[in-house]
Amino acid sequence: MELTALATALASTTVKDYRYFPSIGSTNDEALRWVDSGAPDFSLVVADEQTAGRGRFDRRWVTNPGAALAFSLILHPAPSELASLALFAPLCGLALRETLHRQYGLQPQIKWPNDVLLAGKKTAGILVEAAWLGDKATGIVLGIGINITRAALPPPSARLFPATCLEEHLAAPVDRITLLAHLLNRLAAWRSRLGTPRFFDEWQKHLAFKGQSVRIEDSQKTSIIGIVKGVNPRGDLVLTLANGLEQDFAAGDVHLRPLDPQ
Ligand code: ATP
Ligand code: BTN
């Protein structure tokens with residue numbers, strides 16, 4: 001990244017401090033270390049390449065040099081936010097969806113619990129982690145990886161879900177630094193609306209696979225099929241089962257797959 005352009009763009013945001021790396025293992029790991037050594041609220045770690053990028057359950061997140069936007073934002077949760085830790089992944093989804101819509105006219109959808117899709121394919125992943133002191137979260141790290149160019153895409157054999165990138169949906173190239181600055185501003189805006197009726201309304205409105213049949217699978221590979229009804233105030237996914245009853249699923253160790261992939 002061009003460092004003067006990065007500094008200028010970040011000056012238009014509320015980022016307090018930042019660290020930039022041409023290459024790093026994982027921006028989330030660096031952010032968690034920085035929390036322990038006193039990073040202020042709204043500090044940023046951004047990298048051009050990750051050699052050990054992580055998804056949920058330590059799955060690998062591919063971040064090829066210069067082809068993606070990969071960053072981690074550190075928040076110091078206020079007491080009121082601590083009760084809503086499960087809502088920080090959707091917060092990132094809402095902020096990214098809105099940025100991609102406003103800046104590029106795209107129509108992204110939010111796949112519960114942590115992905116942003118374009119035309120049903122994954123274009124961004126979100127990994128929210130907390131740093132703990134005893135049972136108190138001392139910091140939250142919002143890790144976001146966005147595929148910008150085709151070079152960002154992992155080989156098909158390494159994909160558990162269809163993948164895409166912004167440039168597959170746009171005629172003009174995307175400037176990563178401009179995207180980052182806009183997204184940081186939307187993250188700050190949605191943080192102030194965490195858990196509000198507007199937050200849930202927007203989430204439901206842009207929830208992927210709503211009204212469609214999906215399979216929810218746990219780590220024991222037990223699966224349940226149902227129709228996506230929406231999300232509840234805890235952030236759980238609500239499915240309507242074949243017998244007409246509703247069942248809620250917490251984000252923990254469960255995965256959502258459409259029954260009829262497009
Ligand atoms: P879940 O539905 O549980 O979130 P997932 O398939 O989305 O499952 P994650 O753990 O969220 O899996 O994300 C990691 C997975 O994303 C990897 O196992 C790989 O299949 C895929 N992946 C890795 N890098 C990229 C990338 N740059 N773009 C798209 N997909 C990727
Ligand atoms: C997922 O789809 O499971 C989440 C992927 C999250 C990737 C981002 S890239 C920036 C940050 N650093 C990481 O190691 N992971 C997150």
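Ligands are counted one by one from 1 in listed order, and the atoms in each one are counted from 1 as well.
Using a 4.0 Å cut-off between heavy atoms, Asp115 contacts ligand 1 through its side chain alone, with no backbone atom that close. Contact annotation: for Asn114 versus ligand 1, heavy atoms closer than 4.0 Å belong to the side chain alone. At a heavy-atom distance under 4.0 Å, atoms from both the backbone and the side chain of Val62 approach ligand 1. In Arg59, the part holding a heavy atom less than 4.0 Å from any atom of ligand 1 is the side chain. Counting heavy atoms under 4.0 Å from ligand 1, residue Pro113 does not touch it at all.
For ligand 1, the polar-atom distance check finds no N/O of Ala163 at less than 3.5 Å from any of the ligand's N/O atoms. Close N/O approach between Phe161 and ligand 1 is not found [any backbone or side-chain N/O within under 3.5 Å]. Here's the thing with Leu160: one of its N/O atoms is less than 3.5 angstrom from an N/O atom of ligand 1. Not a single N or O atom of Ser72, backbone or side chain, sits closer than 3.5 Å to an N or O atom of ligand 2.
Close approach of ligand 1 to Ala158 (heavy-atom distance below 4.0 Å) involves ligand atoms 19 (C), 20 (O). Near Gly125, meaning under 4.0 Å from any of its heavy atoms, are these atoms of ligand 2: 2 (O), 4 (C), 5 (C), 6 (C). For ligand 1, the atoms sitting less than 4.0 Å from at least one non-hydrogen atom of Arg159 are 20 (O), numbered in the order shown with element in parentheses. For ligand 2, the atoms sitting less than 4.0 Å from at least one non-hydrogen atom of Gly55 are 1 (C), 3 (O), 4 (C), 5 (C), numbered in the order shown with element in parentheses. Taking every heavy atom of Ala152 and a limit of under 4.0 angstrom, the matching atoms of ligand 1 come to 27 (N). Applying the 4.0 Å criterion to heavy atoms of Phe71 picks out, from ligand 2, the atoms 10 (C). Remark: ligand 2 atoms within the under-4.0 Å shell around heavy atoms of Gly53 are 14 (O). Atoms of ligand 2 found under 4.0 Å from any heavy atom of Ser26, numbered from 1 in the order shown, are 12 (N), 13 (C), 14 (O). Residue contact check: Asp115 has heavy atoms under 4.0 Å from atoms 2 (O) of ligand 2. Taking every non-hydrogen atom of Gly145 and a distance limit under 4.0 Å, the qualifying atoms of ligand 2 come out as 8 (C), 9 (S).
Note that CG of Leu10 is 12.5 Å distant from OH of Tyr20, once rounded to the nearest 0.5 Å. Rounded to the nearest 0.5 Å, atoms CG (Leu183) and CD1 (Ile144) are 5.0 Å apart.
Not a single heavy atom of Gly125 sits less than 4.0 Å from an atom of ligand 1. Not a single heavy atom of Thr63 sits under 4.0 Å from any atom of ligand 2. Distances from ligand 2 to the non-hydrogen atoms of Lys122 include at least one value under 4.0 Å.
Remark: minimum distance from atom 6 (O) of ligand 1 to any protein heavy atom is reached at Arg257 NH2, 2.8 Å. For atom 10 (C) of ligand 2, the nearest non-hydrogen atom of the protein is Thr27 OG1, 3.2 Å. Protein heavy atom closest to atom 30 (N) of ligand 1, with residue, atom name and distance, is Trp61 CZ3, 3.7 Å. When only non-hydrogen protein atoms are considered, atom 3 (O) of ligand 2 lies nearest to Arg56 N, 3.0 Å. Scanning all protein heavy atoms for the shortest distance to atom 15 (N) of ligand 2 gives Arg54 O, 2.8 Å. Summary of contacts: the protein heavy atom closest to atom 3 (O) of ligand 1 is His255 ND1, 2.4 Å. Looking from atom 17 (C) of ligand 1 to the surrounding protein, the closest heavy atom is Arg60 O, 3.4 Å. What sits closest to atom 1 (C) of ligand 2 on the protein, heavy atoms only, is Asn114 ND2, 3.6 Å. At the shortest separation from atom 28 (N) of ligand 1 among protein heavy atoms lies Asn147 ND2, 2.8 Å. Closest to atom 12 (N) of ligand 2 among all protein heavy atoms lies Gln50 OE1, 2.9 Å.
Residues Ile110 and Pro90 form no side-chain contact, since every pair of their non-hydrogen atoms from C-beta on lies 4.5 Å or further apart. By the 4.5 Å heavy-atom criterion applied to side chains, Phe200 and Leu87 are counted as neighbours. Two residues are said to be in side-chain contact when any heavy atoms from C-beta on lie closer than 4.5 Å; Leu106 and Leu170 meet this criterion. With contacts defined as side-chain heavy-atom distances shorter than 4.5 Å, the pair Arg257/Lys111 qualifies. Leu179 is listed as a side-chain neighbour of Leu100, based on a closest heavy-atom distance under 4.5 Å. Taking 4.5 Å as the limit, every side-chain heavy atom of Leu184 sits out of range of all side-chain heavy atoms of Thr14. Between Trp132 and Thr138, the closest side-chain pair of non-hydrogen atoms is not below 4.5 Å.
Ranked by closest heavy atom to atom 16 (C) of ligand 2, the top entry among Ala68, Gly143, Ala70 is Gly143. Relative to atom 11 (O) of ligand 1, the option among Lys122, Lys121, Lys111 with the closest non-hydrogen atom is Lys122.
Both Leu73 and Phe199 are part of a single hydrophobic cluster, where members link through side-chain heavy atoms under 4.5 Å apart.
Using a 4.0 Å cut-off between charged nitrogen and carboxylate oxygen, Glu202 and Arg193 do not count as a salt-bridge pair.
Side-chain N/O atoms of Ser72 and Asn28 include a donor and acceptor closer than 3.5 Å.
A centroid separation of 6.0 Å or more is found between the aromatic rings of His255 and Phe161.
Judged by the 6.0 Å distance and 45° axis criteria, Arg198 is positioned over the aromatic ring of Trp190.
The side chain to side chain contact (heavy atoms under 4.5 Å, CB included) test with Phe249 singles out one residue from Asp236, Val238, Asn232, Leu239, and that residue is Leu239.
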